[in-house]
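This report concerns only the one structure given below.
Everything quoted here is computed from the prediction, not taken from an experiment. The chain is numbered in sequence order, starting from 1. Just so you know, ligand 1 is whichever comes first in the structure, and atom 1 is the first atom listed for that ligand.
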Amino acid sequence: MAQRILIAEDHPDSLELMRYLLQAHGYRSFAAGDGEAALALARTELPDLIVCDLQMPVMDGCELARRIRADPALCHIPLVAVTAFSMLGDRERILEAGFDGYFSKPIDVERFVGELERFLPGGSAMRRQGG
Ligand code: MN
């Protein structure tokens with residue numbers, strides 16, 4: 001079964017690109033446009049990994065990360081931030097919020113999925129499928 005990835009991202013173009021890349025690599029993805037919606041989806045879908053923009057309406061990425069880490073049902077899920085380059089100075093804040101790692105935008109289409117797979121517990125979707 002394909003691994004399932006939740007994308008929390010309020011920018012339609014970034015969201016579309018991430019969904020496209022994940023689908024092309026055999027992953028199932030679902031999306032939320034703000035942190036609160038993402039938290040609700042995480043609780044119902046229990047994804048294998050969460051990719052998260054930092055600047056979002058309603059609830060930002062760091063608050064989402066703190067809520068996930070404080071929830072016994074969700075705290076084990078790998079959490080990766082995707083952030084504008086200008087935010088990279090906030091590395092400490094990102095890691096303290098509970099993220100396992102982060103990428104800078106713009107998304108590197110050649111490397112995005114491969115780098116994300118480092119955070120997936122079972123390795124890549126292709127290996128999961130025995131291919
Ligand atoms: Mn944003």
Taking atom CZ of Arg111 as the centre, does the number of heavy atoms from other residues, nucleotides or ligands within less than 6.0 Å exceed 12? no
Taking CZ in Arg28 as the centre, count heavy atoms belonging to other residues, nucleotides or ligands within less than 6.0 Å. Is the count above 12? no
Any N/O/S of Asp53 under 2.8 Å from the Mn ion (ligand 1)? yes
Measure from the side-chain N and O atoms of Arg19 to the backbone N and O of Ser29, and report whether any donor-acceptor pair falls under 3.5 Å. yes
Gln55 backbone or side-chain N/O/S under 2.8 Å from the Mn ion (ligand 1): yes
Any sub-3.5 Å donor-acceptor pair from Asp34's side-chain atoms to Ala37's backbone N or O? yes
Test of geometry: compute the angle NE2(His11)-the Mn ion (ligand 1)-OD1(Asp10) and round it to 10°. 90°
